[in-house]
Participant: 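One structure coming up, written as structure tokens, with questions to follow.
We count ligands from 1, going down the list as the structure has it; atoms in each ligand are counted the same way. Since this is a predicted model, take the numbers as computed values, not measurements.
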Amino acid sequence: MNGPLTSPPSVNSTCPYCGVGCGVAVAPDGAGGAHVEGDKAHPANLGRLCSKGAALGETLGLGTRLLHPLMRAGDGPLARTDWDAALDRVASGLAAVIDRHGPGAVAFYLSGQLLTEDYYVANKLAKGFLGTAHVDTNSRLCMASSVAGHKRAFGSDTVPGCYEDLEAADLIVLVGSNAAFCHPVLFRRMEAARAKRGTRIVVIDPRGTETAAEADMVLPLAHGTDAILFSGLLVHLADAGRLDAAFLDRHTQGFPEALAAARALAPNATATARGCGLDAADVAAFFRLFAATEKAVTCYSQGVNQSAQGTDKVGAILNCHLATGRIGREGMGPFSLTGQPNAMGGREVGGLANQLAAHMGFSPAEVDLVRRFWSAPRMAEREGLKAVDMFAAIGRGEIRALWVMGTNPAVSLPRAGAVRAALEGLDLFVLSENVAANDTSACRPHVVLPAAAWGEKDGTVTNSERRISRQRAFLPLPGEVRHGWWPLAEVARRLGFGDAFAWTSPAAIFREHAALSGFENGGTRDFDISGLATLSDAAYDALKPVQWPVPADTAAGTARMFADGGFFTGDRRARFVVPAPVAPPQGAEGLPLLLNTGRLRDQWHTMTRTGLSPRLSSHEPAPFVAVHPDDAARLGLAHGGLARVTSAEGETVLEVRADPRQPAGTAFAPIHWSFANASHGPIGQVVQARTDPFSGQPDSKATPVSLAPVPAPFEGVLLARSELAPPEGVWWARAALAGGFAWRLSGTVGPEAWASWFRGMGGGDIIEMTDAAGGAYRAAAFDAAGRLAAALFVAPAGTRPNADALKGLLGADPVSPEDRRVLLAGRRAGHGAASGPLVCACFGVSKGEIEAAIGSGCADVEAVGRALKAGTNCGSCVPEIRALLSRASLEAPAPRPKADVAA
Ligand SMILES: Nc1nc2c(c(=O)[nH]1)N[C@H]1C(S)=C(S)[C@@H](COP(=O)(O)OP(=O)(O)OC[C@H]3O[C@@H](n4cnc5c(=O)[nH]c(N)nc54)[C@H](O)[C@@H]3O)O[C@H]1N2
Ligand SMILES: Nc1nc2c(c(=O)[nH]1)N[C@H]1C(S)=C(S)[C@@H](COP(=O)(O)OP(=O)(O)OC[C@H]3O[C@@H](n4cnc5c(=O)[nH]c(N)nc54)[C@H](O)[C@@H]3O)O[C@H]1N2
Ligand code: SF4
Ligand SMILES: [Mo]
């Protein structure tokens, strides 16, 4: 939130981050920035925003953007080119690969962050006109198990409920979801429901999360055992007489077989508890609570989907809701929480390799239907390769041309090291990107195309509750940036398909997509928005958020589905799923720990946007691996030291965090860092490529790894106004800081080597201090105007100075003589002691300030909020404030004393 709210024109749009799909009201400042606040009229958030949404204004700058097309000649470097040359190269390159190797040698790798319109065009070009079904998306890593699970049970990929169900529920079960961090505004709605009607919240997650800290009941089950737990629940519901016989009879098929299989897997609460590594009394209590509470919603996310048994986990959850008829009615139902802003839209247009378009598959009748609708000359007739297999085929040279749009696979795919090598071997690698540099653009693309970013993008997205909302542009397209669909249509035109790609606006693309959804539908397919197929351009511009289906002659949308059956199977009955026997993930020879990966509160994926915000970057400044303190002790890992994390795929080095909330035998690392901001690159290098047999979704939550200490006798902090490359051999992680960057440093490089590196940077006016005996070096460099250009503090391990107090010094002003004097002491004149990491990102309140407020008598979250405003906006930091208040759940080994280097 920057600057005062100027008077309108304000533009209503949708947040580009998570699948909650919050509406935002944006007031552009006329200088490329904007004030962003929650849209009070948007049904997803009713005015609320989380820390990421509230900081959107800080991420709009053009400093890191790609503004012109780039192209590489032969083995040369990427160089600026014009659109015509770039598009000619893409078109001729695709044609050449198809001529030589056939359409199956061409692939597209798309993203749930693309608009529906962009996605529709890419899918149409590939599957209808180039004739390749190798079109997959990062949603394969995200929602594919939910899609497969929905289709097996419902005959369609339908999310039955809506957000209002969370407010009407008496029980919310969160399975494999850290909603407090990942779907914060929805989590606030859940907490509001609890305050209002006493809704109970149960969290099922192996790891102690901020979400679990807020729950009424926590089941820390062993990784991969969710299908056992929900099979046990199904048995309990049957034995406790909680089945909905009428619903079972009228609307389902296969219950006896599913129940028998569940009995074999989990005959009672005791056996279930044993299978899941849980306490039998806890399991029994959860079963009783679920059985007794009709209005129950089960939300699930990546702990369910990203699993080698993800589809069966989804099936086991759906079974319990189908058996009790708790589906599609107010306050009840299974609820897949989608990750990306347009994960759902991608599914609607057929962005997955095993889907065609408009929720159709590859049956001959569906292929024929789409062929006729598109007048497609070269329809793909069979499913294509799913992401992990697609990149393996690229690695083997079977796929020769790839177009990546809106995703950073060199970071986010499992086996990231192999992915990088595969990308570098392509005959044609096209990348559509927002940013000038990321790990994927470092893999030698031939053509890089500048794509519109949030604020410039114009189209639609669909959130977790099937709600289609407009993302509206409020900034002009900068440089030579173009909308995502435009180069696709231009390439199609160059290949002779101009007539089928002749749209001039996203509205026209949307109308075609809506028309296809209704084409020969007759109620046979869930996804039907033909009621929107004749929207005028003006009506499209003004489109209010609406939940599909929106069949022809209606405009109202549909809140809930399946209360009265009507599933999309041949006989309109839902299918019970028999889960396969569960083999929970285990460590391997020499790799005894299971590595879980996931998200942090204030970063989005590979940080290309949230990483630009100093506010968001101060919550967690560096990549880490969390382990139980007993494991840390056993493995010789020091809290705050470095560990090498090694798997069968590769390795990386991370800072150690001993955390009692981490189950023994497991480790957890966040997914956000990459070579763009950390010396040892992404955790994806370590993550296995084991996939679910139905969905093809990789299991990113349980990779067998080993951890070993990496010697790091020295630690340090570097602040600088501009990008610097720390010396070879140093472990570092870089974060945004007001006025520049801050690096966290560790390793074997000692004071003398640091001193010569710092002097060698050529800064004019340097002050420095070497404490040879103490092993410390401190220095600062000033530019001609007397402003701080860089500051370096190096000290023995365990005494890294706290740079928080220095942050303001990178501002625009010359450093006062007084500040210069104390700078090397790691302080700022007139400023108190460093106050630790930021807890409340919305109001910039640090841990130290909250602790001080607690010390001076604030006894609860509300009192802290009154004193400091912390926690009163988006609320995502409330769990942390509560933890500081109770100190119970955060009893990590006391952080080593941060030496005040002045002392
Ligand atoms: N701040 C932030 N929010 C985001 C994103 C982001 O990058 N940052 N990304 C968005 C996207 S694309 C997505 S997909 C969502 C993901 O949202 P979530 O799925 O909530 O997030 P994750 O951290 O990936 O994983 C959730 C939890 O699954 C648990 N888990 C691991 N294994 C198991 C298991 O076997 N069983 C169970 N029950 N739980 C398990 C993990 O311990 C973890 O706490 O977040 C979205 N929101
Ligand atoms: N180990 C592990 N790996 C994971 C996960 C995990 O939990 N553990 N989670 C997986 C999941 S659920 C997800 S969703 C993925 C996310 O992984 P990615 O999709 O790779 O992550 P992002 O950082 O969102 O990458 C988006 C890229 O596209 C660019 N971009 C953003 N918007 C646009 C646009 O509109 N057009 C274009 N052309 N470019 C754009 C951004 O600059 C950025 O470089 O990671 C997956 N990988
Ligand atoms: S919860 Fe946060 S990240 Fe998700 S859509 Fe809303 S404001 Fe954006
Ligand atoms: Mo995701």
Side-chain angles (χ1 to χ4, degrees), residues 14-24 36 38-39 42 44-45 48-56 111-113 137-144 146 173-189 203-212 219-227 229-230 276 299-310 313 317 336-343 407 412 461 463-464 469 582 584-585 594-607 610 616 619 626 661-663 666 668 670-672 699-702 874 876:
T14 312
C15 173
Y17 297 124
C18 85
V20 177
C22 296
V24 292
V36 178
D39 176 358
H42 197 288
N45 56 318
R48 295 185 182 96
L49 290 181
C50 78
S51 52
K52 296 183 297 303
L56 273 167
S111 163
Q113 293 167 73
T137 138
N138 61 2
S139 287
R140 182 68 59 195
L141 319 178
C142 182
M143 307 315 308
S146 282
V173 184
L174 288 161
V175 196
S177 157
N178 188 8
F181 275 15
C182 297
H183 298 92
V185 166
L186 266 195
F187 192 65
R188 297 314 294 169
R189 287 180 72 164
V203 168
I204 299 172
D205 191 315
R207 182 173 70 103
T209 61
E210 308 299 324
T211 310
L219 296 179
L221 82 185
H223 279 283
T225 60
D226 305 71
L229 183 66
F230 283 87
C276 299
C299 301
Y300 51 95
S301 191
Q302 298 315 347
V304 167
N305 293 328
Q306 287 174 344
S307 160
Q309 269 129 358
K313 288 183 178 183
I317 292 169
S336 148
L337 298 180
T338 56
Q340 298 177 91
N342 203 25
T407 176
S412 57
V461 292
N463 73 2
S464 295
S469 293
V582 177
L594 288 179
L595 175 73
N596 180 4
T597 56
R599 290 155 173 79
L600 300 177
R601 189 188 77 190
D602 289 350
Q603 294 297 347
W604 175 262
H605 296 168
T606 70
M607 295 201 217
T610 46
L616 295 180
H619 186 237
R661 300 178 306 169
Q662 191 61 36
T666 69
F668 174 84
I671 60 172
H672 306 292
D699 187 331
S700 330
K701 299 291 193 234
C874 79
S876 3

Participant: Calculate, to the nearest 0.5 Å, the distance between atoms CZ and CD belonging to Arg601 and Glu210 respectively.
Facilitator: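 One finds 8.5 Å between CZ of Arg601 and CD of Glu210.
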Participant: What about Lys701: any of its N or O atoms under 3.5 Å from an N or O on ligand 1?
Facilitator: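 There is such a contact, yes.
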Participant: Go through Cys18 and Trp604 one step at a time and tell me if the side chain to side chain contact (heavy atoms under 4.5 Å, CB included) criterion holds.
Facilitator: CA-CA 9 Å; Cys18 85; Trp604 175 262; 4.0 Å; yes
Participant: Output the distance between atom CD1 (Ile317) and atom CG (Leu229), rounded to the nearest 0.5 Å.
Facilitator: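 If we round to the nearest 0.5 Å, Ile317:CD1 and Leu229:CG are 9.0 Å apart.
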Participant: Report yes if some heavy atom in the side chain of Ile204 is under 4.5 Å from a heavy atom in the side chain of Asp226; otherwise report no.
Facilitator: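 Sidechains of Asp226 and Ile204: in contact.
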Participant: Geometry only, no angles: is Ala179 polar-contacting ligand 1 at N/O separations under 3.5 Å?
Facilitator: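 The answer is no, given that Ala179 and ligand 1 share no N or O pair closer than 3.5 Å.
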Participant: Give the atoms of ligand 1, by number and element, whose distance to some non-hydrogen atom of His672 is under 4.0 Å.
Facilitator: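 Within the 4.0 Å cut-off of His672, ligand 1 contributes 7 (O).
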Participant: Any sub-3.5 Å donor-acceptor pair from Arg48's side-chain atoms to Cys22's backbone N or O?
Facilitator: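 Here the side-chain-to-backbone pair does not exist.
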Participant: Among Pro585, Pro670, Cys182, which one puts a heavy atom closest to atom 46 (C) of ligand 1?
Facilitator: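 Nearest heavy atom to atom 46 (C) of ligand 1 lies in Cys182.
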Participant: What distance separates Ser146 OG from Lys313 NZ, expressed to the nearest 0.5 Å?
Facilitator: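 One gets 11.5 Å once the value is rounded to the nearest 0.5 Å.
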Participant: Does a side-chain heavy-atom distance below 4.5 Å link Pro206 with Lys701?
Facilitator: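 In short, these two side chains do not touch, never coming nearer than 4.5 Å.
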Participant: Taking atom NE2 of His605 and atom OG of Ser412, what is their separation to the nearest 0.5 Å?
Facilitator: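 Result: 8.0 Å between the selected atoms.
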Participant: When you measure from the heavy atoms of Met143 to every atom of ligand 1, does any distance fall below 4.0 Å?
Facilitator: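 Judged by the 4.0 Å heavy-atom criterion, Met143 does not count as contacting ligand 1.
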Participant: Hey, is ligand 1 close enough to Ser301 that some N/O pair sits below 3.5 Å?
Facilitator: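 So ligand 1 has an N or O lying under 3.5 Å from an N or O of Ser301.
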Participant: Only heavy atoms count here, so choose which of Gly339, Gly598, Ser412, Gly112 is nearest to atom 13 (C) of ligand 1.
Facilitator: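 Going through Gly339, Gly598, Ser412, Gly112 one by one, Gly339 has the nearest heavy atom to atom 13 (C) of ligand 1.
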Participant: Could you tell me if the side chain of Arg661 sits less than 4.5 Å from the side chain of Arg207, heavy atoms only?
Facilitator: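 No, side chains not in contact.
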Participant: Measure the CD1-OG1 distance between Ile671 and Thr606 for me, rounded to the nearest 0.5 Å.
Facilitator: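 Here the interatomic distance stands at 8.5 Å.
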Participant: Name the closest protein heavy atom to atom 20 (O) of ligand 1, giving the residue it belongs to and the distance to 0.1 Å.
Facilitator: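 Going atom by atom, the protein heavy atom closest to atom 20 (O) of ligand 1 ends up being Asn178 N, 2.7 Å.
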Participant: Using a 4.0 Å heavy-atom cut-off, say whether Leu600 meets ligand 1 through its side chain, its backbone, both or neither.
Facilitator: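 Near ligand 1, Leu600 shows its backbone, while the atoms from C-beta on stay back.
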Participant: Are any of the N/O atoms in Gln340 less than 3.5 Å from those in ligand 1?
Facilitator: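 By distance alone, the answer is no.
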Participant: Nearest protein heavy-atom contact for atom 8 (N) of ligand 1: which residue, which atom, what distance?
Facilitator: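 I find the closest protein heavy atom is Gln603 O, 2.6 Å.
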Participant: Give me the ring orientation class for His619 and Phe181: parallel if the planes are under 30° apart, tilted from 30 to 60°, perpendicular past 60°.
Facilitator: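 Perpendicular: the ring planes of His619 and Phe181 meet at over 60°.
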Participant: Using modelled atom types and a 3.5 Å cut-off, is there a donor and acceptor pairing between side-chain atoms of Gln306 and backbone atoms of Leu141?
Facilitator: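 Here the side-chain-to-backbone pair exists.
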Participant: Can a side-chain donor-acceptor contact be found between Thr666 and Asn596 if the only test is distance below 3.5 angstrom?
Facilitator: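 No, no side-chain donor-acceptor contact under 3.5 Å.
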Participant: Which part of Phe181 is near ligand 1, with near meaning a heavy atom under 4.0 Å away: side chain, backbone, both or neither?
Facilitator: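 Just the backbone.
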Participant: With a 4.5 Å heavy-atom cut-off, do Met143 and Gln302 have their side chains touching?
Facilitator: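 Yes, their side chains come closer than 4.5 Å.
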Participant: In the structure I gave you, are the side-chain heavy atoms of Gln603 and Lys52 within less than 4.5 Å of one another anywhere?
Facilitator: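 Not touching, per the 4.5 Å side-chain cut-off.
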Participant: Give the atom numbers and elements of ligand 1 that come within less than 4.0 Å of a heavy atom of Cys142.
Facilitator: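 Those atoms are 14 (S).
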Participant: If you measure from each heavy atom of Val304 to ligand 1, is any distance below 4.0 Å?
Facilitator: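 Not so, Val304 does not reach ligand 1.
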Participant: When you measure from atom 33 (C) of ligand 1 to each heavy atom in Gly303, Cys50, Pro184, which option holds the nearest one?
Facilitator: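 Ranked by closest heavy atom to atom 33 (C) of ligand 1, first place is Gly303.
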Participant: Could you check atom 35 (O) of ligand 1 against the protein and tell me its nearest heavy-atom contact, residue, atom and distance included?
Facilitator: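 Protein heavy atom at minimum distance: Gly224 N, 2.7 Å.
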Participant: Starting from atom 32 (N) of ligand 1, find the nearest protein heavy-atom neighbour and note its residue, name and distance.
Facilitator: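 For this ligand atom, the closest protein heavy atom is His223 ND1, 3.0 Å.
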Participant: May I ask you to identify the nearest protein heavy atom to atom 10 (C) of ligand 1, giving residue, atom name and distance to one decimal place in Å?
Facilitator: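 The protein heavy atom lying closest is Trp604 CZ3, 3.3 Å.
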Participant: For ligand 1, is any non-hydrogen atom under 4.0 Å from Arg601's backbone (N, CA, C, O), its side chain (CB onward), both, or neither?
Facilitator: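 Only the backbone of Arg601 comes within reach of ligand 1.
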Participant: Output the distance between atom NE2 (His223) and atom CG (Leu594), rounded to the nearest 0.5 Å.
Facilitator: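 His223 NE2 to Leu594 CG: 6.0 Å, rounded to 0.5 Å.
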Participant: For ligand 1, indicate whether the residue Lys52 contacts it via side chain, backbone, both or neither (heavy-atom separation under 4.0 Å).
Facilitator: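 Looking at Lys52 and ligand 1, just side chain atoms fall under 4.0 Å.
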Participant: Looking only at distance, does His183 have an N or O less than 3.5 Å from an N or O of ligand 1?
Facilitator: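 Such a contact does not occur with ligand 1.
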Participant: Can you list, by chain and residue number, the protein N, O or S atoms under 2.8 Å from atom 8 (Fe) of ligand 3?
Facilitator: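 Listed by chain and number, the atoms are Cys15 SG.
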Participant: Closer than 4.0 Å to some heavy atom of Thr209 - which atoms of ligand 1 meet that?
Facilitator: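 Here the atoms of ligand 1 in question are 44 (O).
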Participant: Counting non-hydrogen protein atoms only, what is the nearest one to atom 42 (O) of ligand 1? Give residue, atom name and distance.
Facilitator: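 Checking every protein heavy atom, the shortest distance to atom 42 (O) of ligand 1 gives Asp205 OD1, 2.7 Å.
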Participant: Has Asn463 got a side-chain atom pairing as donor or acceptor with Val20's backbone, closer than 3.5 angstrom?
Facilitator: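 Such a contact is found between Asn463 side chain and Val20 backbone.
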Participant: Gly176 heavy atoms, cut-off 4.0 Å: which ligand 1 atoms fall inside?
Facilitator: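 Here the atoms of ligand 1 in question are 19 (O), 26 (C), 27 (C), 28 (O), 37 (C), 38 (N), 39 (N).
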Participant: Please write down residue, atom name and distance for the protein heavy atom closest to atom 37 (C) of ligand 1.
Facilitator: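 Scanning the protein heavy atoms, the shortest distance from atom 37 (C) of ligand 1 goes to Asp226 OD2, 3.4 Å.
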Participant: Please list, in number order, the atoms of ligand 1 under 4.0 Å from a heavy atom of Lys313.
Facilitator: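 So the atoms of ligand 1 that pass are 34 (C), 35 (O), 36 (N).
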Participant: Looking at Arg207, which atoms of ligand 1 are within less than 4.0 Å of one of its heavy atoms?
Facilitator: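 Near Arg207, meaning under 4.0 Å from one of its heavy atoms, ligand 1 has 42 (O), 43 (C), 44 (O).
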Participant: Are the side chains of Phe668 and Thr209 in touch, meaning some heavy atoms are under 4.5 Å apart?
Facilitator: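 Phe668 does not reach Thr209 side chain to side chain.
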Participant: In the structure I gave you, are the side-chain heavy atoms of Leu174 and Thr211 within less than 4.5 Å of one another anywhere?
Facilitator: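 With C-beta onward as the side chain, the pair touches.
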Participant: For atom 9 (N) of ligand 1, what is the nearest protein heavy atom, given as residue, atom name and distance?
Facilitator: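 The closest one turns out to be Arg599 NE, 2.9 Å.
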Participant: Mind checking whether Leu56 and Pro16 have side chains closer than 4.5 Å, heavy atoms only?
Facilitator: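 SC-SC contact between Leu56 and Pro16 confirmed.
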